[in-house]
Amino acid sequence: MAEEEYGSFVDWNQMGELAKSSGPTKVDCKDLKEFKQMARQGYWAKNHKVRAQVYQQLIKAIPCRTVTPDAEVYRDIMGNAATKKPSSHIPLPEFVDGSPVPQYCLKAEAVASAHQIINCLAGQFPDISHCPSLPAVTSLLLHFSIDEAQCFEHVSRMLACNEPGKRLLDQTFLAYESGCMTFGDLANKYCTAAHKLIVATAQDVLDVYADWQRWVLGDLPFSHVVRVLDVYLVEGYKILYRVAIALLKFYRKHKAGVQGGQGSQQQQQQQDSGKVKADIQAFVKDIASTVTPDKLLEKAFSIRLFSRKEITLLQLTNEKSLQQKGITVKQKRRNVQLALNPDTFSSEIVSAKEMRDIWSWIPERFALCQPQLLFTTSTHGCSLNRFYSHCEGYEPTLLLVRTTDGDVCGAFLSTDWEERKRGGNKLSFFGTGECFVFRLKPEMERYEWVVIHHPELASSIKSQGHDDTASTEGQNSDSNSLQQPEKSAGELSPFLSARHFNLNSKNTSMFMAGNFDSIIVGGGEGNALYIDSELNHGRTGRCATFDNPPLCAESFQVSLLEVWGFQDAMTS
């Protein structure tokens with residue numbers, strides 16, 4: 001089979017430079033690390049036949065279910081139909097959710113072959129309920145298949161992959177939607193400037209991010225997506241996140257250039273989300289005019305994400321959240337703005353627009369929740385005991401503070417304030433890496449856990465369980481180990497638990513603390529927020545956990561303090 005023709009489905013007139021074969025004529029490699037390096041460098045990128053042979057080797061090595069349909073199964077099912085001319089008028093299965101088969105420089109009849117293959121796959125994999133990426137993957141693999149049957153076998157092996165922790169194609173709405181939520185979380189943390197742009201211009205950020213997979217598998221031109229496929233077949237699903245975040249970064253740079261040429265006033269006007277989605281799609285489809293495939297991958301691999309294991313844990317957390325809300329099949333997604341209806345939302349500190357901006361920062365699994373006022377000093381008085389009694393039992397919470405100078409700052413706090421009791425009489429830190437602090441006035445800025453942007457401060461070695469005691473300006477402690485709730489580290493994501501890491505906890509993992517005397521957010525060389533027992537006087541300064549500047553005047557008087565909870569919009 002070595003001399004088989006691997007380009008029979010390709011319209012070579014559309015392939016441009018890729019039609020010219022050059023570079024190595026064979027790849028003699030069995031080591032995964034070496035494959036990874038070669039894939040990233042584009043070792044086989046200029047030789048269509050070698051690429052096809054490498055893909056065959058990689059896909060053949062995927063661990064699969066015992067009974068996985070192969071090329072012979074396809075031939076048996078199709079029988080004489082395999083020799084007949086296929087038709088692209090055959091409708092695709094419902095589970096592709098309207099995703100078309102991208103042409104990717106294929107002949108017109110090859111697109112029809114893809115329709116035939118996908119429909120055959122639907123019959124062999126009845127458990128697939130949602131797989132919008134299948135048309136793009138099938139179209140790509142047709143490029144590098146001898147016939148329809150071989151393409152069918154290759155896609156079948158990807159669908160039947162059963163390697164623990166390895167994810168290639170989403171096959172249920174639950175998996176797909178948790179992937180969208182996880183992308184939103186990652187964009188929020190690793191692509192801050194672009195995320196700000198989407199928040200400022202789109203009415204529904206979640207709806208825009210729901211297209212993230214299609215940007216990569218569907219909208220990218222063939223010259224770019226095939227380089228992504230090189231790495232994807234070696235390294236798996238995480239590559240899709242990397243490339244999508246890189247695309248978002250390039251899109252922001254593109255919009256900044258357009259904005260610079262047209263003035264900045266119109267840029268911040270909100271549009272229908274569909275218009276923003278169409279704008280991103282048009283940019284990605286035309287990306288070859290400004291960004292080469294190598295430049296795209298270079299940007300993707302320069303993003304310092306957490307490991308595949310940690311991202312998988314975040315996905316599982318989002319999946320669990322969806323299951324708890326009863327969202328396991330496709331349904332109309334609630335617009336974030338519906339949870340923040342300006343007609344019903346009322347705060348004495350922030351406007352509905354400002355609260356919506358804060359909502360864009362919170363983890364995706366809470367984004368469908370409605371804000372629920374738990375405590376306000378204007379109603380409940382300036383008492384720390386009443387603060388605790390109204391806030392205990394709620395997780396997470398949002399703290400908002402307005403000073404007598406008119407500055408507004410606050411914190412997203414991941415953990416129930418009742419956890420403070422685990423420290424006994426000691427002022428002990430608790431909470432997780434999802435906590436962050438922010439200021440809204442005089443200007444809007446968020447400060448996250450320092451480890452998110454500096455992962456070198458952490459390793460994946462589980463902490464050996466120390467107890468951390470809070471330290472404030474008037475109070476020093478020799479003990480600086482972190483007290484955490486008793487939860488298995490294996491069940492949590494990096495954003496959800498500091499216990500995944502062997503941290504210098506004095507510097508980087510002091511999230512929130514409270515006792516009868518004060519509440520504190522952020523520690524290590526200072527506190528991001530310190531508020532006294534009368535909820536009247538406060539201090540703010542740089543702290544190592546969030547690496548933030550003072551959020552307002554370093555010593556301030558509290559004019560008003562509010563705490564908001566997150567009410568599930570699905571059950572309210």
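We use all heavy atoms of the structure for the numbers below, so side chains are in, but hydrogens, waters and symmetry mates are not.
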Could I get the full list of side-chain contact (heavy atoms from CB on, under 4.5 Å) partners for [X], not counting sequence neighbours?
X	result
Asp11	Asn13, Gln14, Lys107
Ala244	Phe183, Trp212, Trp215, Val216
Phe35	Val27, Cys29, Trp44, Val54, Gln57, Leu58, Val234

Any residue meeting ring-ring contact (aromatic ring centres under 6.0 Å, His included) with [X], in chain and number order, not counting sequence neighbours:
X	value
Phe9	none
His154	none
Tyr176	His130
Tyr232	none

| How would you list, by chain and number, every residue that makes a side chain to side chain donor-acceptor pair (under 3.5 Å) with Gln281, sequence neighbours excluded? | Asp219
| remark: Residues at least two apart in sequence or cross-chain that pass side chain to side chain donor-acceptor pair (under 3.5 Å) with Glu235, listed by chain then number, are Arg40
| request: Could you label the plane-to-plane angle of the His195 and Tyr209 rings as parallel, tilted or perpendicular, counting under 30° as parallel and over 60° as perpendicular? | output: parallel
| request: Sequence neighbours left out, what pairs pass salt bridge (charged side-chain N to carboxylate O under 4.0 Å, His left out) with at least one residue falling in residues 124-137? | output: Arg65-Asp127
| task | Could I get the full list of salt bridge (charged side-chain N to carboxylate O under 4.0 Å, His left out) partners for Lys277, not counting sequence neighbours? | result |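 Asp207, Asp211.
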| message | Salt bridge check, Lys36 against Glu34: does any charged N sit closer than 4.0 Å to a carboxylate O? | response | no
Quick one: side chains of residues 282-291, donor-acceptor pairs under 3.5 Å with protein atoms, not counting sequence neighbours, listed by atom name and distance.
{"unit_1": "Asp286", "atom_1": "OD2", "unit_2": "Ser289", "atom_2": "OG", "d": "3.2"}
{"unit_1": "Ser289", "atom_1": "OG", "unit_2": "Asp286", "atom_2": "O", "d": "2.8"}
{"unit_1": "Thr290", "atom_1": "OG1", "unit_2": "Ile287", "atom_2": "O", "d": "3.4"}

